[in-house]
Peer 1: 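Can you read through this structure? Questions will come right after.
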Amino acid sequence: MAKFKIGTLLLLFIWSELIVAQTASEALQYSLTRSVATARLNGIGGAMGALGGDFGAIGINPAGLGLFRKSDFYISMGPAYFQNNSILKGAGNERYDEGKTSFNFNGLGLVITNEPIGSNWKNLSFSLQIAKVADFNQNTYFKGKSAGSITDRFLELSLDPTQSGLIGLDPNDLDDFEAGLAYETGALFDPVGNPNQTVYTTDLLAYAGTAIPKEQLLKTRGSMYDFSIGFGGNYKEKLALGAVINIPTGNFKRNNTYKEYESTRDEFLPFIDLEFKDKLETEISGVNARLGLIYKPIQALRFGVAWQSPGVLSLKDKFNTELSYTYYNGRRDTSLTAYSPDGEFNYRLRTPMQWVLSIAAIGTYGFLSADIDFVDPSTAKYNLTSDSDNPSDYEYEKQLNSDIKKQYKSSIQYRFGGELALSKYRFRAGYELIQQAYKNVDEYNPGYSLGVGYRGNRSYLDFSFRRTKFNQSYAPYSTGNSDFDGNGTIDAPTPLVNQESFYQAFTITFGFKFGAIRSYSYED
């Protein structure tokens, strides 16, 4: 048999990607957050950076605080539906649709506005707000056939990186979350039993290259919010300035059930079936700042610029796994189940800075607005050793940060929106084009939105509908694409699932204004 060797760094990489949340995809997930606080913001496609006077604008450009004319309070919520259409890459596989409906709390906030006497500052405003910036509620399901098995991954994890061939680690040195469970259940075994040397194999290694039936149900839950404290002012009706301190908070949960099985009896003898489950819960907290300005050369035209600082997220993972394996032992079917201990890991993630450039034209009967967001997820960076002195954590940190730079690029996001004002009624529409952040991918994810609103003397009520579409791919498990027998072909391929996803959200916002600050335009 030809020599086969996997480095310790790769072992760490393929182990952690399935079980815990320190992955490049997690860094992307936390780097592309954006406020969806109000129905007015969502109804115009999020293009509110130069408008101000709305709680949704505070999370885009805090200079909008300077354009509040009265003190204001609001609450916002509504249902959302996430649909994933998934297909396992492989000949003859079908596409499966899986949806998840959730009820979202979008935001709650208070702005206190006052007008300084005898000052060029027309009004100064202070805000407290909690606004939703990410929604993780979705379900994914696929079923089909493809080459390779998750037992290939277990075999890779069992190998001794200092040895050649399929010589493995001592069973007592196998990890507690995957390879160790595989050994306990018989999914991974040593057929020779040499006391001086362990050589592992699997029941499915003899079927390398054969399409094996597999399926997965993946459920993710949770959301992320920005709690913000802001201050803004309006200088001579020409320049608005604002700043907020954001405290991100939230949680992410993942429940994964992955299965492999024979489609006809004795198809992969002695293998019958397996079921691998993993659970993950991540607690999220952090801090970042946002600065902005809005300049009005004339009353009907506004330009906005906003900058969000790099953020620091403190993340805490709690996780465990379970493996059930069934095989024919020559006399009868044998089923064994093994459970991991509960794992826990604390780490940090630095998220990238963001820029937003905006323009808006305002008239008697409404406005048109546009935002361009710039963000570069490739600058996100993990710190896995903030609470750890383990050298392997440092090595994996370097691998992850290198992987982020290799996979991602800067993303430009275009948003356009408008509002028509007829008496006390508002009619809105918006469109967005979000550039995918993956290198070598030039696609844009489109979205559109609609909204209506009513403005009373002191109260207001808004509704919006938003729909976005995007394409993505993911691996139900990852391998090192190993060539176990050294014949030049991959024996441990990584399966790939292609997805077409749709996100639809309704938002309802109710608010009321108080105080005696004069109004300058129809916006109030």
Side-chain angles (χ1 to χ4, degrees), residues 4 6 10 13-15 17-19 23-25 84-98 138-158 178-179 181-182 185 187-188 201-220 254-278 321 323-327 407 438 441 471-501:
F4 170 74
I6 296 182
L10 178 57
F13 174 70
I14 63 177
W15 175 78
E17 187 175 50
L18 182 64
I19 303 304
T23 63
S25 59
N84 283 319
N85 303 331
S86 307
I87 183 169
L88 176 66
K89 189 175 181 180
N93 289 331
E94 298 180 9
R95 183 177 297 274
Y96 288 85
D97 298 342
E98 191 72 21
Q138 58 177 298
N139 294 339
T140 297
Y141 177 78
F142 76 81
K143 182 178 181 180
K145 294 183 178 181
S146 70
S149 166
I150 196 172
T151 58
D152 300 329
R153 175 186 170 87
F154 301 153
L155 180 56
E156 288 181 336
L157 292 170
S158 73
E178 295 191 70
L181 303 188
T185 59
L188 186 68
T201 189
T202 72
D203 291 330
L204 291 172
L205 188 58
Y207 299 93
T210 303
I212 296 173
K214 46 181 68 83
E215 67 179 281
Q216 180 189 40
L217 177 60
L218 176 63
K219 298 180 179 181
T220 61
R254 183 185 70 212
N255 283 279
N256 172 43
T257 300
Y258 174 85
K259 299 179 181 180
E260 292 178 1
Y261 42 84
E262 54 182 6
S263 54
T264 58
R265 182 68 186 187
D266 299 337
E267 183 180 15
F268 304 111
L269 196 68
F271 169 81
I272 296 177
D273 61 52
L274 68 81
E275 181 178 85
F276 181 80
K277 295 181 179 181
D278 73 269
T321 59
L323 177 64
S324 298
Y325 191 77
T326 304
Y327 63 97
Q407 288 191 30
Y438 297 96
V441 177
N471 298 318
Q472 59 185 354
S473 298
Y474 81 97
Y477 64 86
S478 62
T479 69
N481 294 321
S482 301
D483 175 13
F484 293 120
D485 57 13
N487 65 357
T489 59
I490 294 176
D491 297 319
T494 297
L496 187 66
V497 177
N498 294 325
Q499 285 185 326
E500 184 180 50
S501 302

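Heads up: numbering here begins at 1 and tracks the sequence. Just so you know, these numbers come straight off a predicted model, no measurement behind them.
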Peer 1: Test of understanding: with ring-ring contact (aromatic ring centres under 6.0 Å, His included), list the residues that count as partners of Tyr474, not counting sequence neighbours.
Peer 2: none

Peer 1: For a 4.5 angstrom cut-off between non-hydrogen side-chain atoms, does Asp273 reach Glu262?
Peer 2: no

Peer 1: Taking side chain as C-beta onward, heavy atoms only, is Asn93 less than 4.5 Å from Lys145?
Peer 2: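 In contact.
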
Peer 1: Just how far is it from atom CG of Leu274 to atom OH of Tyr258, taken to the nearest 0.5 Å?
Peer 2: 7.0 Å

Peer 1: Do you know the tightest heavy-atom contact between Pro476 and Pro495?
Peer 2: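 Residues Pro476 and Pro495, closest heavy atoms: CD-O, 3.5 Å.
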
Peer 1: Minimum heavy-atom separation for Glu260 to Ile150, with atom names?
Peer 2: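 That closest heavy-atom pairing would be OE2-N, 2.8 Å.
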
Peer 1: Drop me the distance from Asn139's CG to Asp97's CG, to the nearest 0.5 angstrom.
Peer 2: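 If we round to the nearest 0.5 Å, Asn139:CG and Asp97:CG are 12.5 Å apart.
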
Peer 1: With rounding to the nearest 0.5 Å, note down the distance linking CD in Glu178 to CZ in Phe154.
Peer 2: 5.5 Å

Peer 1: Does a side chain donor of either Asn84 or Ser86 reach within less than 3.5 Å of an acceptor in the other side chain?
Peer 2: no

Peer 1: Just do the side chain to side chain contact (heavy atoms under 4.5 Å, CB included) check on Thr140 and Glu98 with the steps written out, would you?
Peer 2: CA-CA 6 Å; Thr140 297; Glu98 191 72 21; 5.9 Å; no

Peer 1: Does the side chain of Thr201 come within less than 4.5 Å of Leu155's, by heavy atoms?
Peer 2: no

Peer 1: What are the two closest heavy atoms between Ser473 and Asn498, and how far apart are they?
Peer 2: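 Taking every non-hydrogen atom into account, OG-OD1, 2.8 Å.
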
Peer 1: Check the pair Ile490 / Asp483 against side chain to side chain contact (heavy atoms under 4.5 Å, CB included), numbers first and verdict last.
Peer 2: CA-CA 5 Å; Ile490 294 176; Asp483 175 13; 5.8 Å; no

Peer 1: Do side-chain atoms of Lys277 reach the backbone of Glu275 as a donor and acceptor pair under 3.5 angstrom?
Peer 2: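 Judged by distance alone, no pair lies under 3.5 Å.
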
Peer 1: Looking only at non-hydrogen atoms, find the nearest pair between Ala475 and Thr494 and report the distance.
Peer 2: CB-CG2, 3.6 Å

Peer 1: Contact between Thr257 and Asn255 at the side-chain level, heavy atoms closer than 4.5 Å - yes or no?
Peer 2: no

Peer 1: Please find the pair of heavy atoms, one from Asn85 and one from Arg95, that lie closest to each other, and give the distance.
Peer 2: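 Result for this residue pair: O-NH1, 3.0 Å.
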
Peer 1: Is any side-chain heavy atom of Glu156 closer than 4.5 Å to one of Phe484?
Peer 2: yes

Peer 1: Tell me, do Phe268 and Pro213 make a side-chain contact under 4.5 Å, heavy atoms counted?
Peer 2: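 A side-chain contact under 4.5 Å exists here.
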
Peer 1: Is the backbone of Glu267 close enough, under 3.5 Å, to the side chain of Thr264 for a donor and an acceptor to pair up by distance?
Peer 2: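 Checked: no pair found.
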
Peer 1: Measuring from Asp266:CG to Ile272:CD1, what's the distance to the nearest 0.5 Å?
Peer 2: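 Between Asp266 CG and Ile272 CD1, I get 8.0 Å after rounding to 0.5 Å.
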
Peer 1: Could you tell me whether the side chain of Thr151 reaches within less than 4.5 Å of the side chain of Asp203, counting heavy atoms only?
Peer 2: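 Of all side-chain heavy-atom pairs linking Thr151 with Asp203, none is under 4.5 Å.
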
Peer 1: Nearest 0.5 Å please: distance from the CG atom of Leu181 over to the OH atom of Tyr325.
Peer 2: 14.0 Å

Peer 1: Which atoms form the tightest heavy-atom contact between Ala179 and Ser158, and what is the distance?
Peer 2: CB-N, 4.4 Å

Peer 1: Just so I know, are the side chains of Glu215 and Tyr261 near enough to count as touching, which here means a heavy-atom distance under 4.5 Å?
Peer 2: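 Heavy-atom side-chain distance check passes, below 4.5 Å.
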
Peer 1: Between atom NZ of Lys214 and atom CZ of Phe276, what is the distance when rounded to the nearest 0.5 Å?
Peer 2: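 Between Lys214 NZ and Phe276 CZ, I get 15.0 Å after rounding to 0.5 Å.
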
Peer 1: If you measure only the distance, is there a donor-acceptor pair under 3.5 Å linking the side chains of Asp278 and Thr321?
Peer 2: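 Checked: Asp278/Thr321 side chains show no N/O donor-acceptor pair below 3.5 Å.
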
